[in-house]
Amino acid sequence: MDTTNFEARLLHAPYAKPDAYHALAMPVYQSVAFEFETAEAMEEAFCGRSQDHFYSRITNPTVHYFEDRVRLVTQALSVTALNSGMAAISNTLMTVAYAGSNIVTSPHLFGNTYSFLKGTLAAFGVEARFCDLTNPEEVRAKVDDHTCAIFLEVITNPQLEIADLNALAAIGQAAGVPLIADTTVVPFSSFDAKRFGVNIEVVSSTKYISGGATTVGGLILDYGTFDWSRSKVLKAWYGQYGQTAFTTRLRREIHRNMGAYMTPQVAYMQSLGLETLQLRFERYASTALALAKRLQTLEGIVSVNYTGLEENPYYAISRAQFGAYPGAMLTFDLPSREACFRLINNLKMIRRATNLFDNKSLIIHPASTIYGTFGDKQRREMDIKEETIRLSVGLEPADDLFDDIKQALSD
Ligand SMILES: *Cc1c(COP(=O)(O)O)cnc(C)c1O
């Protein structure tokens, strides 16, 4: 089909096989197992020589359709859907890491990713090397022969820090290390990670993609751009599978053994969300920019952090990598933790909840919640401040959001 726009390609992605009843919406194949005509056909499927589904921990037609839609619009070599963003991150890193290896990253990470790297992986002999990813010299100094990945979030949460992806990709390329990016804050409909040298993209599809925050899910996109003969753990796979070494190990070994595949009901909901992804994103993000500008004028707000504001220190790199709308998350600082709690308690419309990129705007005080069980020292290392409030901007008009915050400040 000759449709080149994101939405058109997305809406008209064909099924792998014609539907028996010509259903326009991909049915939910709510079945654990799939039946075969012959023992020979079973052997073909189990040994990976045919694409037939046999067990829904491994593949499922509804989930496969969701993966295929994402693959068609992103031009990724392969897409794997898992049952959370954390499953996408952990499965990805388990595919490239080995005892004695290290991952070069920043302490500015989503709470569970930080804990996965610092606690879970450390127990298996994988070292997290934290550094300032906005400083290429520092990154280059941290990378060595046992570095199995440079990992980052493209806009960190809640600090809103942006590293230069091209610079990190060049360091990775020179050292034979893949660049793995969590792009949850800016969707692939708006940001082309491959163009900036990202080799593997991980996404929490719980956020923008699910559409109205209906389901938890995650995606791994392999762009097929990394030379896996340079990876200690994937070299043997490269010998047999070439460019698809990462995806083959992920799909044949890691994700089967970890058991976190997306379920068909979730894939159905998220396929629906995907259809309106770019429409909703443009609305969330343009409201976020308008609101960020207006919040700066409010007395009582010490500072507003959104990388789409011209005075933001990351504005130039943000513009180069993400265009005019760098996501729908912003933060603002008040004079104290008490002022933050007071504002949050006074809100009449904005919802007090974690999560990001729901259709409803959501507010949270990160230091006392997401990072509430972290020690003071760890929070300082991660630049989590007591004075910061995080806002995820939804579909409400900017005027309504502004009015709600204004009345909550003055109460
Ligand atoms: C939410 C989030 C995750 C984790 O995703 P889940 O779907 O909740 O497992 C990872 N990274 C970022 C940046 C997130 O916002």
> After noting the C-alpha distance and the side-chain angles of R256 and R251, does the key distance pass the side-chain contact (heavy atoms from CB on, under 4.5 Å) rule?
Replying inline: CA-CA 7 Å; R256 294 184 187 201; R251 303 241 19 166; 5.8 Å; no

*Going through the checks in order, is the side-chain contact (heavy atoms from CB on, under 4.5 Å) test met by T183 and V202?*
CA-CA 6 Å; T183 64; V202 289; over 6 Å; no

With side chains defined as the heavy atoms from C-beta onward, is the minimum distance between [X] and [Y] less than 4.5 Å?
X	Y	result
V79	F66	no
P61	F34	yes
K232	D145	yes
F246	L234	yes
L219	F188	yes

If we ignore angles and hydrogens, is there a donor and acceptor under 3.5 Å between the side chains of [X] and [Y]?
X	Y	answer
T307	N312	no
Q278	S189	yes
H53	N60	no
Q407	K348	yes
Q270	S210	no
T184	E153	no
R390	N157	yes

Pair [X] + [Y], salt bridge at N-O below 4.0 Å:
X	Y	value
D144	R129	yes
K406	D403	no
R195	E201	no
D68	R71	yes

Sorted by chain and number, sequence neighbours left out, side-chain hydrogen bond (donor to acceptor under 3.5 Å, both in side chains) with T206 holds for S204

What about the rings of F281 and Y284, do their centers lie closer together than 6.0 Å? no

- Y15 ring center near Y65 ring center (under 6.0 Å): yes

request  = Walk me through it: do E381 and Y114 pass the test side-chain contact (heavy atoms from CB on, under 4.5 Å)?
outcome  = CA-CA 11 Å; E381 268 169 27; Y114 182 83; 3.4 Å; yes

Residues H365 and F341: closest non-hydrogen pair is ND1-CE1, 3.4 Å

Spatial distance of atom [atom1] ([X]) from atom [atom2] ([Y]) [nearest 0.5 Å]:
X	Y	atom1	atom2	value
I171	L179	CD1	CG	9.5 Å
R294	I301	CZ	CD1	11.5 Å
I389	F332	CD1	CZ	4.5 Å

Within 45° of the axis and under 6.0 Å from the centre of the six-membered ring of F110, does NZ or CZ of K207 qualify? yes

| Step by step, would you call L93 with F116 a side-chain contact (heavy atoms from CB on, under 4.5 Å)? | CA-CA 10 Å; L93 294 177; F116 178 69; 4.1 Å; yes

**Item:** S229 side chain vs K235 backbone, donor-acceptor pair below 3.5 Å
**Value:** no

For this session: Without swapping roles, check the side chain of N346 against the backbone of A408 for a donor-acceptor pair under 3.5 Å.
Result: yes

